[in-house]
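Below: the structure, in structure tokens.
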Amino acid sequence: MKISKKFFWSWLKKLFIEHQYKQLKDVVTAMILHEYLKNPKTIDQLVTIAKENGLYWNRAQIELFVRLDPSIIQNAEGLWTVKQDERRQMILAAIERALQGRPMTKIDPDVFVQLPADVIVPQSEIIDVAISSGKYESPRENLLRVKRN
């Protein structure tokens, strides 16, 4: 049986496009899960998130994914999260120390005083990190408060 060149090239192109689509879908899925893992999650929560985003992985597949991805770790509580960069952790620690159990604090001077002297962090970055953690909100430009549920 002889196959025409035209058929062969159209078939090869279709195969290539399907392969590229699958790779792109896998990358997008990983990005979505990483975004959700900025805040710690259980495997069951990740299964639900994946399904909501059109990825029908079962519990074992999600668990394999988080165990194999070097940027995802399991914390002391057994929840899965992405490794946070040191600067972000430093800012969150400074916010915690500035709050000292209070519900609200000023960024300037309270949070700034808690940062290492050799580190320069703009106020806008402190607000962005605080809000993105999901634990804080900023009712005004210079204030941070513990987020109310």
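Predicted model, so just to flag it, every value in this text is computed and none were measured.
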Under 3.5 Å donor-acceptor, [X] side chain and [Y] backbone:
| X | Y | answer |
| --- | --- | --- |
| Gln61 | Asn58 | yes |
| Glu96 | Ile91 | no |
| Asn53 | Leu55 | no |

Any non-hydrogen side-chain atom of [X] less than 4.5 Å from a side-chain atom of [Y]?
| X | Y | value |
| --- | --- | --- |
| Met104 | Val146 | no |
| Glu137 | Arg145 | yes |
| Leu99 | Tyr136 | yes |
| Trp80 | Gln74 | yes |
| Asp69 | Leu33 | no |
| Val66 | Ile43 | yes |
| Leu79 | Lys41 | no |
| Leu46 | Phe65 | no |

Q: Check the side chains of Arg88 and Ser133 for a donor-acceptor pair under 3.5 angstrom, ignoring hydrogens and angles.
A: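 The answer is no; no qualifying pair exists.
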
Q) Do Thr105 and Asp110 have side-chain atoms, one donor and one acceptor, less than 3.5 Å apart? A) yes

Between [atom1] on residue [X] and [atom2] on residue [Y], distance to nearest 0.5 Å:
| X | Y | atom1 | atom2 | answer |
| --- | --- | --- | --- | --- |
| Ser138 | Lys147 | OG | NZ | 12.0 Å |
| Leu144 | Arg102 | CG | CZ | 11.5 Å |
| Ile62 | Asp44 | CD1 | CG | 10.5 Å |
| Met90 | Gln114 | CE | CD | 12.5 Å |

Q.
Working note: Ile127 + Ile107, criterion side-chain contact (heavy atoms from CB on, under 4.5 Å); need CA distance, chi angles, decisive distance, verdict.
A. CA-CA 8 Å; Ile127 292 170; Ile107 296 172; 3.4 Å; yes

Hydrophobic clusters here meaning ILVMFWY residues chained together by side-chain heavy-atom distances under 4.5 Å, can you tell me if [X] and [Y] are in one?
| X | Y | value |
| --- | --- | --- |
| Tyr36 | Val82 | yes |
| Leu143 | Phe112 | no |
| Val113 | Val111 | no |

Q) What do the steps show when you test Val121 against Arg87 for side-chain contact (heavy atoms from CB on, under 4.5 Å), and what is the final call? A) CA-CA 9 Å; Val121 180; Arg87 183 175 176 92; 3.6 Å; yes

Q.
Does atom CG (Leu68) have a neighbourhood of more than 12 heavy atoms from anything else shown, all under 6.0 Å?
A.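 Yes, because the 6.0 Å sphere around CG of Leu68 holds more than 12 heavy atoms from other groups.
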
Q: Write down the atom of Ala130, the atom of Ile95, and the distance for their closest heavy-atom approach.
A: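 Residues Ala130 and Ile95, closest heavy atoms: CB-CD1, 3.7 Å.
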
Q) Of Leu37, Ile72, Ile73, which is the lone residue that meets side chain to side chain contact (heavy atoms under 4.5 Å, CB included) with Lys83? A) Ile73

